[in-house]
Engineer: 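Quick one: structure below, then a few questions.
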Amino acid sequence: QVQLVESGGGLVQAGGSLRLSCAVYGSIISINAMDWYRQAPGKQRELVAVITSGGSTNYADSVKGRFAISRDDAANTLYLQMDSLKPEDTAVYYCLAEGVYSDIPERTVRDYWGRGTQVTVSS
């Protein structure tokens with residue numbers, strides 16, 4: 001059973017910083033890419049940042065230069081460093097693992113989502 005667990009969200013003032021973590025659990029052979037998405041109430045879920053298995057990254061224009069995605073394979077953890085936070089960054093942030101290849105109990109390749117962590121940025 002593959003599970004993703006986000007943490008690190010909270011309440012922060014505009015201009016502040018937070019570091020989100022996504023711990024990945026389970027018997028995993030490989031992951032094609034990992035993403036951070038966010039969703040505010042009544043709005044569509046939007047892609048924030050992506051990191052591929054090769055280490056390439058991409059960001060939404062709205063967060064470029066302020067957020068940084070990274071991962072520690074030894075720790076099985078994905079990170080999102082968020083600096084210069086703005087009220088518009090307020091949302092639930094979700095971790096996504098794309099193309100997860102696991103073999104317990106049988107071989108599967110599928111995506112997995114975390115349950116999210118709340119980020120609230122006050123004015």
Side-chain angles (χ1 to χ4, degrees):
Q1 184 70 37
V2 175
Q3 295 187 35
L4 278 60
V5 181
E6 300 97 336
S7 62
L11 175 63
V12 64
Q13 292 184 333
S17 297
L18 286 173
R19 189 192 192 201
L20 305 184
S21 298
C22 172
V24 182
Y25 301 95
S27 182
I28 296 169
I29 297 172
S30 64
I31 302 173
N32 284 346
M34 297 195 73
D35 310 49
W36 286 100
Y37 279 74
R38 67 187 181 187
Q39 187 170 27
K43 296 185 178 180
Q44 290 182 279
R45 188 172 297 188
E46 64 175 347
L47 178 65
V48 175
V50 181
I51 185 166
T52 70
S53 60
S56 298
T57 60
N58 203 4
Y59 300 89
D61 288 342
S62 59
V63 307
K64 200 169 297 181
R66 300 188 298 120
F67 291 10
I69 188 171
S70 62
R71 67 184 183 194
D72 183 340
D73 290 340
N76 296 318
T77 304
L78 177 75
Y79 302 100
L80 184 68
Q81 179 66 44
M82 305 187 295
D83 298 327
S84 301
L85 282 162
K86 304 174 181 179
E88 66 195 69
D89 296 319
T90 296
V92 177
Y93 283 71
Y94 297 91
C95 177
L96 169 67
E98 299 183 62
V100 179
Y101 179 24
S102 61
D103 62 357
I104 304 295
E106 297 184 11
R107 186 188 70 82
T108 58
V109 181
R110 56 159 288 183
D111 297 347
Y112 291 89
W113 289 91
R115 293 185 177 183
T117 185
Q118 177 71 50
V119 172
T120 303
V121 184
S122 65
S123 301

Engineer: A side-chain contact here means heavy atoms from C-beta on lying under 4.5 Å apart; do L20 and V119 qualify?
Structural biologist: yes

Engineer: What are the two closest non-hydrogen atoms of M34 and C95, and how far apart are they?
Structural biologist: CE-SG, 3.7 Å

Engineer: Using side-chain heavy atoms (C-beta onward) and a distance below 4.5 Å, is E6 in contact with W36?
Structural biologist: yes

Engineer: Will you find, in the side chains of T108 and S102, an N or O donor that is under 3.5 Å from an N or O acceptor?
Structural biologist: yes

Engineer: Taking side chain as C-beta onward, heavy atoms only, is I28 less than 4.5 Å from V100?
Structural biologist: yes

Engineer: Using side-chain heavy atoms (C-beta onward) and a distance below 4.5 Å, is Y93 in contact with L18?
Structural biologist: no

Engineer: Could you check Y25 against V5 for side chain to side chain contact (heavy atoms under 4.5 Å, CB included), going step by step and ending with a plain yes or no?
Structural biologist: CA-CA 8 Å; Y25 301 95; V5 181; 3.9 Å; yes

Engineer: If we only count heavy atoms from C-beta on, is the Y37 to V48 side-chain gap below 4.5 Å?
Structural biologist: no

Engineer: I'd like to know if K86 and D89 make a salt bridge, using a cut-off of under 4.0 Å between side-chain N and carboxylate O.
Structural biologist: no

Engineer: Answer yes or no: are there more than 12 heavy-atom neighbours, outside K43 itself, under 6.0 Å from its atom NZ?
Structural biologist: no

Engineer: When you measure from the side chain of D111 to the backbone of G99, do you find a donor-acceptor pair of N or O atoms at a distance under 3.5 Å?
Structural biologist: yes

Engineer: Given R38 and E46, is the salt bridge (charged side-chain N to carboxylate O under 4.0 Å, His left out) satisfied, shown in steps?
Structural biologist: CA-CA 6 Å; R38 67 187 181 187; E46 64 175 347; 2.7 Å; yes

Engineer: Answer yes or no: is there a side-chain heavy-atom contact under 4.5 Å between Q3 and Y112?
Structural biologist: no

Engineer: Determine the minimum heavy-atom distance between S27 and D103, stating which atoms define it.
Structural biologist: OG-OD1, 3.6 Å

Engineer: Rounded to the nearest 0.5 Å, what separation is found between the OG1 atom of T52 and the CZ atom of R71?
Structural biologist: 7.0 Å

Engineer: With rounding to the nearest 0.5 Å, note down the distance linking CG in D35 to CD1 in I69.
Structural biologist: 6.5 Å

Engineer: Side-chain polar contacts of residues 75-84 - donor-acceptor pairs under 3.5 angstrom, sequence neighbours left out - could you list them?
Structural biologist:
from : atom 1 : to  : atom 2 : distance (Å)
T77  : OG1    : A75 : O      : 2.8
Q81  : NE2    : D83 : OD1    : 2.9
D83  : OD1    : S17 : OG     : 2.8

